[in-house]
Engineer: 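One structure coming up, written as structure tokens, with questions to follow.
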Amino acid sequence: MTDRELPEQYLDGYAEILAQVSTTGRRLTRDELASRRALGEQAAEAGHGLRALVSAHLAAARTAWPGSPGSADGALATVHQIIDAFAEGYERAQLLAVRQEEAARRKFIDDLLYGRSDLGRLAERAERFGLRLSHAHAVAVAQGPAAYDEGDPVPRHVERALISRFGDRNVLLTTKDGRLLGIAPGHQEDVLAYFAEQAHVATDGGQVAIGRPQPGPGGVVQSYEEALGVLELAERLELADPVLRAADLLVYPVLTRDRQAMADLVAGTLGPLTSARGGAQPLLDTLTAYFDSGCVSAEAARRLTLSVRALTYRLERIHKLTGANPADPAHRYMLQTAVIGARLLAWPAKDL
């Protein structure tokens with residue numbers, strides 16, 4: 001039904017109230033105001049636009065005006081009261097609908113990510129939110145300096161930006177545990193890339209992780225957990241990139257799969273650094289900067305605020321203690337893997 005075909009029921013009793021009140025100059029009674037609010041709620045629930053409803057009220061007032069005795073000021077005041085009460089009911093129904101939608105979305109996300117519903121029922125509910133769980137989906141998770149809820153300005157801003165750019169693309173935006181979530185079909189990489197860009201800005205430099213596309217109802221959970229793992233990894237490794245993709249960091253889960261083997265590698269390769277003056281941490285930081293700078297001594301020295309000579313001395317000290325030369329390609333891979341393992345295991349701050 002279009003706005004031009006508004007049912008007369010939303011104007012029920014309007015002309016009569018206008019005539020009576022404008023004649024006597026009295027204000028609307030409590031029951032009359034309640035009836036206008038109720039009609040406003042009904043109109044909102046039926047999906048009619050408020051602009052068209054207000055226009056219909058004004059048009060009806062113009063039609064009734066010649067037959068409404070009393071002052072023009074009194075008639076206008078009555079129209080004002082009626083429309084105000086009607087709009088109040090309309091807005092109340094709209095707010096309730098938004099809250100119900102947010103609650104339903106939160107419950108769906110909880111059930112989806114924690115497996116609290118059978119897959120058939122879950123797939124049916126997913127269609128309401130634009131997801132077809134038979135397809136592959138990817139999840140992006142944005143983490144900022146603050147925790148975010150559904151109705152906060154930050155999620156709303158990101159949602160408006162995506163709708164403006166892509167329209168209805170079967171994308172679900174929500175929040176979970178204070179983070180922003182974007183769930184999109186696996187083949188729509190541009191959508192999550194734009195979500196990451198907008199979320200990074202909206203969260204004042206927050207970090208975004210994007211899981212790999214995974215098929216089926218369990219694929220959303222798998223991609224979500226992968227994205228969370230990437231955020232945790234970024235914190236442990238102090239990765240500062242604004243957007244991190246799980247597909248680009250697959251080596252790290254492989255390295256941590258056998259924790260004991262990694263601990264043995266760290267202890268066997270880097271353990272001798274603990275005998276250095278000042279402990280192992282300064283030399284470990286030197287290796288980290290050296291490898292992160294592509295083994296360019298000048299760049300590594302700049303990152304550590306050292307002279308190139310001081311950096312070279314540290315590298316020689318590492319070679320002497322460990323027997324492995326960071327500048328030698330034959331030794332570099334083992335040392336770099338051990339350095340990554342040390343960061344993942346928080347060594348030497350924590351015992352292996």
Side-chain angles (χ1 to χ4, degrees), residues 94-117 119 121-204 206-214 216-232 242-246:
Q94 289 283 73
L95 180 59
L96 178 61
V98 168
R99 288 177 176 171
Q100 289 174 339
E101 179 71 10
E102 289 176 349
R105 183 156 56 175
R106 281 195 300 271
K107 188 175 189 312
F108 167 72
I109 289 296
D110 286 344
D111 291 347
L112 177 64
L113 298 182
Y114 294 110
R116 296 175 182 167
S117 179
L119 295 182
R121 176 66 181 136
L122 201 60
E124 290 178 8
R125 293 165 61 197
E127 300 241 356
R128 172 184 173 186
F129 299 102
L131 300 181
R132 297 190 176 184
L133 297 184
S134 58
H135 299 170
H137 287 82
V139 180
V141 180
Q143 182 171 270
Y148 306 104
D149 289 323
E150 287 271 348
D152 290 347
V154 167
R156 292 297 187 199
H157 172 80
V158 175
E159 185 172 33
R160 284 195 300 270
L162 261 78
I163 292 174
S164 176
R165 176 74 175 270
F166 299 105
D168 184 9
R169 280 276 207 101
N170 295 329
V171 181
L172 174 61
L173 278 84
T174 185
T175 59
K176 181 67 179 168
D177 298 329
R179 303 182 182 94
L180 276 65
L181 269 65
I183 305 173
H187 65 281
Q188 295 184 1
E189 297 180 4
D190 56 335
V191 175
L192 290 186
Y194 190 69
F195 165 84
E197 176 186 325
Q198 293 297 314
H200 173 67
V201 174
T203 57
D204 294 327
Q207 201 165 40
V208 186
I210 303 177
R212 291 177 295 165
Q214 303 291 349
V220 175
V221 181
Q222 190 174 349
S223 185
Y224 169 68
E225 291 178 346
E226 203 171 50
L228 286 182
V230 168
L231 287 176
E232 181 183 353
V243 181
L244 298 165
R245 297 178 180 274

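In this text, all values refer to a predicted model and were calculated from it rather than measured experimentally. Heavy atoms only: backbone and side chains are in, while hydrogens, waters and symmetry mates are out.
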Engineer: Who passes salt bridge (charged side-chain N to carboxylate O under 4.0 Å, His left out) against Glu189, sequence neighbours left out?
Structural biologist: none

Engineer: Just verifying a value: how many Å separate Gln214 CD and His135 NE2, rounded to the nearest 0.5 Å?
Structural biologist: 16.0 Å

Engineer: Could you pull out all donor-acceptor pairs under 3.5 Å where a side-chain atom in residues 219-230 meets a protein atom, sequence neighbours excluded?
Structural biologist:
from: Ser223; atom 1: OG; to: Val139; atom 2: N; distance (Å): 2.9
from: Ser223; atom 1: OG; to: Arg212; atom 2: O; distance (Å): 3.0
from: Glu226; atom 1: OE1; to: Arg212; atom 2: N; distance (Å): 2.8
from: Glu226; atom 1: OE1; to: Arg212; atom 2: NE; distance (Å): 3.3
from: Glu226; atom 1: OE2; to: Arg212; atom 2: NE; distance (Å): 2.8
from: Glu226; atom 1: OE2; to: Arg212; atom 2: NH2; distance (Å): 2.6

Engineer: Asp149: which residues meet the side-chain contact (heavy atoms from CB on, under 4.5 Å) condition with it, sequence neighbours left out?
Structural biologist: Asp152

Engineer: Cut-off 3.5 Å, no hydrogens considered: what does the side-chain donor-acceptor table look like for residues 195-202, sequence neighbours left out?
Structural biologist:
from: Gln198; atom 1: NE2; to: Tyr194; atom 2: OH; distance (Å): 3.2
from: His200; atom 1: ND1; to: Gly206; atom 2: O; distance (Å): 2.7

Engineer: Any idea which heavy atoms bring Ala193 and Arg245 closest together, and the distance?
Structural biologist: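 Nearest heavy atoms, Ala193 then Arg245: CB-NH2, 3.9 Å.
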
Engineer: Tell me, please, which residues at least two apart from Thr175 pass side-chain hydrogen bond (donor to acceptor under 3.5 Å, both in side chains).
Structural biologist: none

Engineer: Testing the basics here: between Gln207 and Leu231, what is the closest heavy-atom pair and its distance to 0.1 Å?
Structural biologist: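 Looking at all heavy atoms of both residues, the shortest contact is O-CD2, 4.0 Å.
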
Engineer: Apply side-chain contact (heavy atoms from CB on, under 4.5 Å) to Glu159 and list each qualifying residue two or more places apart in sequence or on a separate chain.
Structural biologist: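 Per chain and number, Glu159 pairs via side-chain contact (heavy atoms from CB on, under 4.5 Å) with Arg105, Arg156, Ile163, Leu173.
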
Engineer: To the closest 0.5 Å, what do you measure between CG (Leu180) and NE2 (His157)?
Structural biologist: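 Between Leu180 CG and His157 NE2, I get 10.5 Å after rounding to 0.5 Å.
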
